[in-house]
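We use all heavy atoms of the structure for the numbers below, so side chains are in, but hydrogens, waters and symmetry mates are not.
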Amino acid sequence: MPDETDRRLILATQAGLPLVPRPWQALADMLGIAPQEVKARLAAMLATGAIRRIGAVPNHYALGYRFNGMTVWDVDDADVDRLGRQVGALPFVSHCYRRPRHLPDWPYNLFAMVHAKSREAALAQVERIAALLGSACRAHDVLFSSRILKKTGLRLAE
């Protein structure tokens with residue numbers, strides 16, 4: 001359970017790290033603690049799972065990747081974890097996960113997000129996934145994004 005300083009640190013970083021040359025120092029100044037304590041507290045929260053990761057969250061649209069497609073695949077449940085690891089390791093797949101089927105309308109159990117600067121490039125990535133899955137794939141589809149609805153994690157109330 002985070003203490004009051006951890007909670008204040010989460011509140012100070014939940015919208016992103018300060019965009020300054022020394023973000024740990026800026027956070028330390030905000031919280032009245034040493035930069036080393038900021039790093040130690042974040043490391044401890046990562047270790048316990050209180051926070052999942054510290055990383056960049058790119059805006060794909062702003063970077064020119066306007067063709068973002070959630071590919072959905074129907075593969076045998078016995079193979080989905082192994083195949084998902086292979087698909088998730090592809091350099092153009094940003095995230096890949098397993099979801100339950102909702103039969104008879106939704107047969108797909110493997111999801112993989114691709115990003116490209118053109119529809120043709122995105123579809124070429126889909127074909128690479130299809131080639132990797134080979135005969136293990138019974139059906140697939142691509143659901144292209146039309147806009148960004150939300151791009152943030154959980155936010156604590158102040």
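In this structure, F111 and W106 have tilted ring planes: the angle between them lies in the 30° to 60° band. Between Y97 and H95, the ring-plane angle classifies as parallel under the 30° and 60° cut-offs.
Put simply, the residue from V75, D74, D141 that forms a side chain to side chain contact (heavy atoms under 4.5 Å, CB included) with P107 is D74.
Transitive grouping of hydrophobic side chains (ILVMFWY, heavy atoms separated by less than 4.5 Å) brings V80 and V87 into a common cluster. Taken together through direct or relayed side-chain contacts under 4.5 Å among Ile, Leu, Val, Met, Phe, Trp and Tyr, Y61 and V114 form parts of separate hydrophobic clusters. Grouping the Ile, Leu, Val, Met, Phe, Trp and Tyr side chains by contacts below 4.5 angstrom, directly or via other members, places L143 apart from Y65. At a threshold of 4.5 Å between side-chain heavy atoms, the hydrophobic network of Ile, Leu, Val, Met, Phe, Trp and Tyr places L90 and M113 in two separate groups.
By the neighbour-count criterion of 12 heavy atoms within 6.0 Å, atom CG of L63 is densely surrounded, having more than that number from other residues, nucleotides or ligands. Around the CZ atom of R99, the shell of radius 6.0 Å holds no more than 12 heavy atoms that belong to other residues, nucleotides or ligands. More than 12 heavy atoms of other residues, nucleotides or ligands shown are found within 6.0 angstrom of CZ on R82.
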Query - CA sep, side-chain torsions, deciding dist, call: R98, D77, side-chain contact (heavy atoms from CB on, under 4.5 Å) - result: CA-CA 9 Å; R98 179 182 189 175; D77 288 332; 3.7 Å; yes

**Report entry** Residues R85, C96; criterion side-chain contact (heavy atoms from CB on, under 4.5 Å); working and verdict
**Finding:** CA-CA 8 Å; R85 281 191 292 277; C96 180; over 6 Å; no

Report task. Go through the steps for I54 and L42 under the test side-chain contact (heavy atoms from CB on, under 4.5 Å), then give the verdict. Result -> CA-CA 9 Å; I54 298 171; L42 289 171; 4.1 Å; yes

Requested in this report: Kindly determine whether V72 and M70 satisfy side-chain contact (heavy atoms from CB on, under 4.5 Å), including the steps that lead there.
Outcome: CA-CA 6 Å; V72 293; M70 178 58 74; 4.2 Å; yes

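To the nearest 0.5 Å, atom CZ of residue R41 and atom CE of residue M45 are 7.5 Å apart. If you take CD on E37 and OG1 on T5, they are separated by 6.5 Å, rounding to the nearest 0.5 Å. Separation of atoms CG (D81) and CD (Q86) is listed at 11.5 Å; rounding is to 0.5 Å. Atom-to-atom distance recorded for L46:CG and K39:NZ is 14.0 Å, nearest 0.5 angstrom. Atom-to-atom distance recorded for D76:CG and C137:SG is 12.0 Å, nearest 0.5 angstrom. In this structure, the separation between CG on D6 and CG on L11 is 11.0 Å, given to the nearest 0.5 Å.
S145 is not listed as a side-chain neighbour of R66, based on a closest heavy-atom distance of 4.5 Å or more. In this structure, L17 and L27 have side chains that are in contact, with non-hydrogen atoms separated by less than 4.5 Å. Taking 4.5 Å as the limit, some side-chain heavy atom of I129 sits within range of a side-chain heavy atom of V93.
Panel note: side chain R101, backbone Y108; no donor-acceptor pair is recorded below 3.5 Å. Put simply, the side chain of Q14 gets close to the backbone of L156: a donor and an acceptor are under 3.5 Å apart. For T71 (side chain) and V142 (main-chain N/O), no donor-acceptor pair under 3.5 Å exists by modelled atom type.
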Show the atom names and distances, to 0.1 Å, of all donor-acceptor pairs under 3.5 Å that link a side chain in residues 115-127 to residues at least two apart or in another chain.
unit_1, atom_1, unit_2, atom_2, d
H115, ND1, N68, OD1, 2.7
H115, NE2, S94, OG, 2.7
S118, OG, A121, N, 3.0
Q125, NE2, H115, O, 3.3

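The heavy-atom pair separating A136 from L83 by the smallest distance is CB-CD1, 3.7 Å. Looking at every heavy atom in both residues, A130 comes nearest to W73 through N-CH2, 3.6 Å.
Ion pair D3/R8 not flagged as a salt bridge, since none of the NZ, NE, NH1 or NH2 atoms sits closer than 4.0 Å to an Asp/Glu carboxylate oxygen.
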